[in-house]
Amino acid sequence: MKKILITFLALGFLFTSCEFDKGFEEININPNAAAQIDAANKFTYLLTKVSGERYENWRNSMIYNSAIVQHHADPNWWAGDTYDRNEQWTFALWERGYPQQVKNVEDILDQLRDEGDEGTNMGISRIVRVFIYHRLTDLYGDAPYSEAGQGYINGTLKPKYDAQQDIYMDMLKELEEAVAQIGSNSSWGSADVVYGGSAAHWKAFGNSLMLRLAMRLTAADAATAQAWAVKAIGAGTMTSNDHIAAIKHGDGNSGSRNGHGEVFLADQGSRISTSFMSRMDGDPRKTRLFMRASDKSQKVEDLKGLRNGLKGDSYVDLDGKTVPARGDTSVYAMAATELQSITAPMVMQTYAEVELLKAEAAIRGWISGSDKAHYEAGVTAGMKMLSQLYPDMTPITDAEISTFLAGPGAYKAGGTVAERWEQVMDQYWIATYFNEYEAYSNWRRSGFPAISPTRHPNSYTGGRFMIRMLYPTSESSNNADNYAAAVARQGADEYTTPVWWDK
């Protein structure tokens, strides 16, 4: 692992440099050098970029997404806490995603086609490709897709923006085809820092990702959502925490670090939101995920959440209510030391999420399984996975889980559809802590948990939730016609314009 990741620091410049003229490249070939970098090595590098660096994980994942969805509160300067506009931060995933992720995955696919490698390696690369684009379109809406990353391949430098509905339909098709391509284990082996080349694991992830995308469509197109959800479940999704899709990290050298861990190396100011803390009463995860900022105590009585929207001074909010000053923030809880690790894996999707989505599908009557059974399996997996992802964390015992499921976390089996759905989605929100892109997207899709916006008088959105991120301003000049077409179709390039599946 260490050797692989360090090697790709040296290759970084190659993959992120600007487009070179093909004729110039052909003239300047070293006859003693390899004509092409091995696709396995490119795949390792790609995965480190999908995991992300501090740049985008700080700005989009944490400053915006985690604060908007109220996992975190930040009384200092995080823009997502009181809905402030910061262009550099809101553009971060786009600015890293297209040159570092999209460009490289399209290059790998092009190379595999040239080499006639149309089996397992192609299938898993297509799954990663879908994962990359789904995160981008979920955050921004309509986006370059069918023509993206083709600058060097076919000279397309100003790609059109595809409608999000079209992107989703194609991504679902891609996942179905990609899973079908996977046969025996990948020849890439340890270069695959997610599953080590395991065909069975990649198939399970591909189908589980299909389920996630299908459920994203419940408000926009319920019939299509149902059809693809049933197909995904029938094809075989994750069945245990051994199937968790997470990108492994090495020894913490620069370039191989977990991006969230890097955030905490630079910023210790965020605290656990009151919205989050209030939903953790009686939950054994409370004393694993959180610690008091002042002394790292994880005793239940020492863990206190901070209200979103507090600042250094008191103020009168947009509703005429006085909001007190933040006071001493060291008395509030923050993310536990284990979660701040720079060597922890970066999660893409977990088995816990899959079981909770199955619970929702059962509640909707789409599958015949027990929604209670899926709920309890999801909660159990969400608790058990913590010591797997963070080995230094004290494991949650079976007894603690049983007590929770019989007490404060008991499933409302006799409740209404709305009550059961809310309970399942609240657990999904808890299970996606530190998977903030997904927590943010599923909250927008489902409306749960039911949280209230902060109402600071200087809010850029007038105290309304931010429900998408903005396109980089450079797009309106460098790709003007396609940018204008996207805005005309989707709506104003604003934080309050819903994406297609959120309408």
Side-chain angles (χ1 to χ4, degrees), residues 5 8-9 12-13 15-16 45-69 71-72 74 77-81 84-106 128-141 143-145 148-149 193-194 245-249 252 254-267 269-270 335 339-349 432-441 444 466 468-475 495 499:
L5 294 175
F8 279 90
L9 293 177
F13 175 76
F15 295 118
T16 56
Y45 177 81
L46 170 66
L47 291 174
T48 66
K49 294 307 175 186
V50 172
S51 177
E53 301 167 348
R54 185 179 75 181
Y55 185 86
E56 68 271 35
N57 279 299
W58 197 358
R59 289 158 173 78
N60 267 151
S61 177
M62 301 296 277
I63 288 176
Y64 273 113
N65 293 177
S66 78
I68 293 170
V69 81
H71 274 154
H72 289 120
D74 184 272
W77 50 271
W78 280 20
D81 197 82
D84 306 322
R85 177 174 179 140
N86 186 297
E87 295 183 352
Q88 184 183 31
W89 300 344
T90 194
F91 305 158
L93 183 63
W94 183 293
E95 291 180 336
R96 286 294 189 265
Y98 278 101
Q100 294 188 349
Q101 300 175 31
V102 168
K103 178 182 175 182
N104 290 322
V105 77
E106 297 292 354
V128 173
R129 177 181 180 271
V130 169
F131 181 82
I132 291 167
Y133 281 114
H134 111 75
R135 209 159 54 176
L136 284 164
T137 188
D138 281 352
L139 218 55
Y140 298 97
Y145 176 72
V193 293
V194 177
I247 299 167
K248 299 177 180 67
H249 289 276
S254 178
S256 69
R257 294 172 171 176
N258 177 294
H260 286 147
E262 287 193 300
V263 170
F264 285 98
L265 289 178
D267 181 6
S270 65
L339 274 69
Q340 299 184 30
S341 170
I342 57 176
T343 60
M346 183 68 81
V347 167
M348 294 188 287
Q349 189 175 21
T432 50
Y433 181 47
F434 263 49
N435 187 1
E436 302 301 335
Y437 296 118
E438 178 58 20
Y440 179 56
S441 291
R444 288 180 288 153
M466 291 173 159
R468 69 176 284 272
M469 296 291 104
L470 308 180
Y471 297 127
T473 51
S474 59
E475 285 292 296
Y495 291 110
V499 299

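The basis for the numbers below is simple: all heavy atoms, side chains too, and nothing from hydrogens, waters or symmetry mates. Numbers for residues simply follow the sequence, beginning at 1.
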Test side-chain contact (heavy atoms from CB on, under 4.5 Å) applied to Tyr495 and Met469, step by step: CA-CA 6 Å; Tyr495 291 110; Met469 296 291 104; 4.3 Å; yes
Given the rule in the side-chain contact (heavy atoms from CB on, under 4.5 Å) test, do Glu56 and Glu95 qualify, once you have shown the distances and angles that lead to the verdict? CA-CA 8 Å; Glu56 68 271 35; Glu95 291 180 336; over 6 Å; no
Would you check, one step at a time, whether the test side-chain contact (heavy atoms from CB on, under 4.5 Å) holds for Phe264 with Leu339? CA-CA 9 Å; Phe264 285 98; Leu339 274 69; over 6 Å; no
Run the numbers on Tyr437 and Asn57 for side-chain contact (heavy atoms from CB on, under 4.5 Å), then give the verdict. CA-CA 9 Å; Tyr437 296 118; Asn57 279 299; 4.3 Å; yes
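With sequence neighbours excluded, the residues forming a ring-ring contact (aromatic ring centres under 6.0 Å, His included) with His71 are Phe276, Trp429, Tyr433, listed by chain and number. Qualifying ring-ring contact (aromatic ring centres under 6.0 Å, His included) partners for Tyr133, counting only residues two or more places apart in sequence or in other chains: Tyr145. Scanning for side chain to side chain donor-acceptor pair (under 3.5 Å) contacts around Asn258 gives an empty result, with sequence neighbours left out.
Ala266 approaches Trp58 most closely through the heavy-atom pair CB-CH2, 3.9 Å. In this structure, Gln349 and Val347 approach most closely via the heavy-atom pair N-CG1, 3.7 Å. Contact detail for Thr90 and Leu470: the closest heavy-atom pair is OG1-N, 3.3 Å. Shortest non-hydrogen contact noted between Val128 and Leu47 is CG2-CD2, 4.2 Å. Considering every non-hydrogen atom in both Trp77 and Ile63, the closest pair reads CZ3-CD1, 3.4 Å. Of all non-hydrogen atoms in Asn60 and Tyr140, the two that sit nearest each other are OD1-OH, 3.3 Å.
Rounded to the nearest 0.5 Å, atoms CD (Glu475) and CH2 (Trp94) are 5.0 Å apart. Separation of atoms CE (Met62) and NE2 (His72) is listed at 4.5 Å; rounding is to 0.5 Å. With rounding to the nearest 0.5 Å, the separation of NZ in Lys103 from NZ in Lys49 is 12.5 Å. Rounding to the nearest 0.5 Å gives a distance of 7.5 Å between CZ of Arg54 and CZ of Arg59. Here Ile342 contributes atom CD1 and His249 contributes atom NE2; the two are 10.5 Å apart, rounded to the nearest 0.5 Å. Taking CD of Gln100 as the reference point, atom CG of Leu93 lies at 10.5 Å (rounded to 0.5 Å).
Each of Thr48, Leu265, Thr343 was checked for a side chain to side chain contact (heavy atoms under 4.5 Å, CB included) with Arg257, and the lone residue meeting it is Leu265.
Distance alone, capped at 3.5 Å, places no donor-acceptor pair between the Tyr64 side chain and the Met466 backbone. For the pair Arg444 (side chain) and Asp138 (backbone), a donor-acceptor distance under 3.5 Å is present. At least one donor-acceptor pair closer than 3.5 Å links the side chain of Asp81 to the backbone N or O of Asp74. Counting only distance, with no hydrogens or angles, the side chain of Glu438 and the backbone of Met348 share no donor-acceptor pair below 3.5 Å. A distance-only check finds a donor-acceptor pair linking the side chain of Glu436 to the backbone of Phe434 [under 3.5 Å]. When atom types are taken as modelled, the side chain of Asn65 and the backbone of Tyr440 share no donor-acceptor pair closer than 3.5 angstrom.
Cation-pi check for Arg135 over Phe131 is not met; the charged atom does not lie both under 6.0 angstrom from the ring centroid and within 45 degrees of its normal.
Within the 4.5 Å cutoff, side-chain heavy atoms of Val102 are placed close to those of Leu136.
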